[in-house]
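What follows is a set of notes on a single structure, which appears directly below.
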Amino acid sequence: QVHLVESGGGLVQTGGSLRLSCAASEGTLSSYARGWFRQAPAKEREFVARCDSSGSSIVYADSVKGRFTISKDNAKNTVYLQMNSLKPEDTAVYYCAAGIGIGISWAKEAKRYHFWGQGTQVTVSS
């Protein structure tokens, strides 16, 4: 059983930056695609970013493109989400996820991912 643990969330002002991390506490995820999703209060969970197992094929939601960067360190079994130029509308609980065989066409579908972290709160003040 794979356990994903997110860290790095917090409170930041508009325009600030945060770096989220998602480590696998058990097992190796080098062959897994890794993704980030977020869920704001009273809203559905939405896709943020995804990279394939090699970290070379990356997809971003339009709302974060140019501001967020996903990266993967297979040696550390960890995926990162660097978030720059944060806006109040980025406020949400951020979840990392992992799954096998998640191609670009499926990247935005939460149901395709097999393992999920518990989430970390990101709050951007105006």
Side-chain angles (χ1 to χ4, degrees):
Q1 182 69 25
V2 174
H3 295 279
L4 303 178
V5 180
E6 300 102 334
S7 61
L11 174 64
V12 65
Q13 291 184 335
T14 296
S17 299
L18 283 174
R19 188 194 194 204
L20 304 184
S21 300
C22 175
S25 60
E26 298 179 29
T28 177
L29 296 181
S30 58
S31 59
Y32 283 67
R34 305 290 292 275
W36 287 95
F37 288 75
R38 65 187 182 186
Q39 188 166 17
K43 292 188 176 181
E44 294 186 354
R45 188 170 298 189
E46 66 172 356
F47 168 79
V48 175
R50 162 265 183 199
C51 65
D52 70 350
S53 57
S54 69
S56 61
S57 174
I58 293 175
V59 180
Y60 293 102
D62 289 342
S63 58
V64 306
K65 203 171 294 183
R67 300 188 299 121
F68 290 12
T69 302
I70 187 172
S71 61
K72 190 170 182 269
D73 187 335
N74 283 333
K76 295 183 178 180
N77 233 3
T78 299
V79 65
Y80 304 96
L81 186 68
Q82 177 66 44
M83 305 186 295
N84 299 328
S85 302
L86 283 162
K87 305 174 182 179
E89 50 264 44
D90 294 318
T91 295
V93 177
Y94 283 70
Y95 298 90
C96 69
I100 287 285
I102 302 176
I104 291 177
S105 59
W106 291 346
K108 300 180 181 181
E109 298 180 35
K111 64 181 181 181
R112 300 292 181 180
Y113 293 80
H114 303 94
F115 303 108
W116 290 85
Q118 81 290 348
T120 185
Q121 177 70 45
V122 171
T123 303
V124 184
S125 62
S126 57

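It should be emphasised that the depicted structure is a prediction, and the values quoted were computed from it without experimental measurement.
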Inset, instruction - Taking all non-hydrogen atoms of both residues into account, name the closest pair between Gln118 and Leu4 and its distance. - result: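 Smallest heavy-atom distance, with atoms named: OE1-O, 3.5 Å.
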
Inset, instruction - List the atom of Ser126, the atom of Pro88, and the distance in Å for their closest heavy-atom pair. - result: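 Looking at all heavy atoms of both residues, the closest pair is CB-CG, 3.9 Å.
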
Legend entry - Student check: side-chain heavy atoms of Ser7 and Thr120 closer than 4.5 Å: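 No, every pair of side-chain atoms sits at 4.5 Å or beyond.
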
Inset, instruction - Would you mind reporting whether Ile104 and Arg50 have side-chain heavy atoms less than 4.5 Å apart? - result: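 Arg50 vs Ile104: side chains touch.
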
Inset, instruction - Indicate, with yes or no, if Phe37 and Ile102 share a hydrophobic cluster defined by side-chain heavy-atom contacts under 4.5 Å among Ile, Leu, Val, Met, Phe, Trp and Tyr. - result: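 Shared cluster, yes.
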
Inset, instruction - Is it possible for you to say whether Val2 and Tyr113 belong to one hydrophobic cluster, with membership spreading through side-chain heavy-atom contacts below 4.5 Å? - result: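 No, because Val2 and Tyr113 fall into different hydrophobic clusters, even though each may have its own neighbours under 4.5 Å.
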
[X] [atom1] to [Y] [atom2] distance, which is reported to the nearest 0.5 Å:
X      : Y      : atom1 : atom2 : result
Arg34  : Thr78  : CZ    : OG1   : 7.0 Å
Ser125 : Gln13  : OG    : CD    : 5.0 Å
Asn77  : Cys22  : CG    : SG    : 9.5 Å
Glu6   : Cys96  : CD    : SG    : 4.0 Å
Thr91  : Gln121 : OG1   : CD    : 7.0 Å

Inset, instruction - Among residues two or more places apart or on two chains, list those pairs meeting disulfide (SG to SG under 2.5 Å) that have a residue in residues 35-82. - result: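 The answer is none; no pair qualifies.
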
Results of side-chain contact (heavy atoms from CB on, under 4.5 Å) for [X] - residues two or more places apart only:
X     : answer
Glu89 : Lys87
Ser56 : Asp52, Ser54
Glu46 : Arg38

Inset, instruction - Please report the C-alpha distance between Tyr32 and Ser53 in whole Å, then the side-chain angles of each, then the deciding distance to 0.1 Å, and finally whether the side chain to side chain contact (heavy atoms under 4.5 Å, CB included) criterion is met. - result: CA-CA 5 Å; Tyr32 283 67; Ser53 57; 5.9 Å; no

Inset, instruction - Determine the interplanar angle of the Tyr95 and Trp116 rings, folded into 0 to 90°, and report it as parallel if under 30°, tilted if 30 to 60°, perpendicular if over 60°. - result: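 The arrangement is perpendicular - the two ring planes meet at more than 60°.
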
Legend entry - Co-members of Tyr94 in a cluster of I, L, V, M, F, W and Y side chains, linked at under 4.5 Å: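 Joined to Tyr94, directly or through intermediates: Val12, Leu18, Leu20, Trp36, Val48, Ile58, Tyr60, Val64, Phe68, Ile70, Val79, Leu81, Met83, Leu86, Val122, Val124.
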
Legend entry - Results of side chain to side chain donor-acceptor pair (under 3.5 Å) for Asn84 - residues two or more places apart only: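 Ser17, Gln82.
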
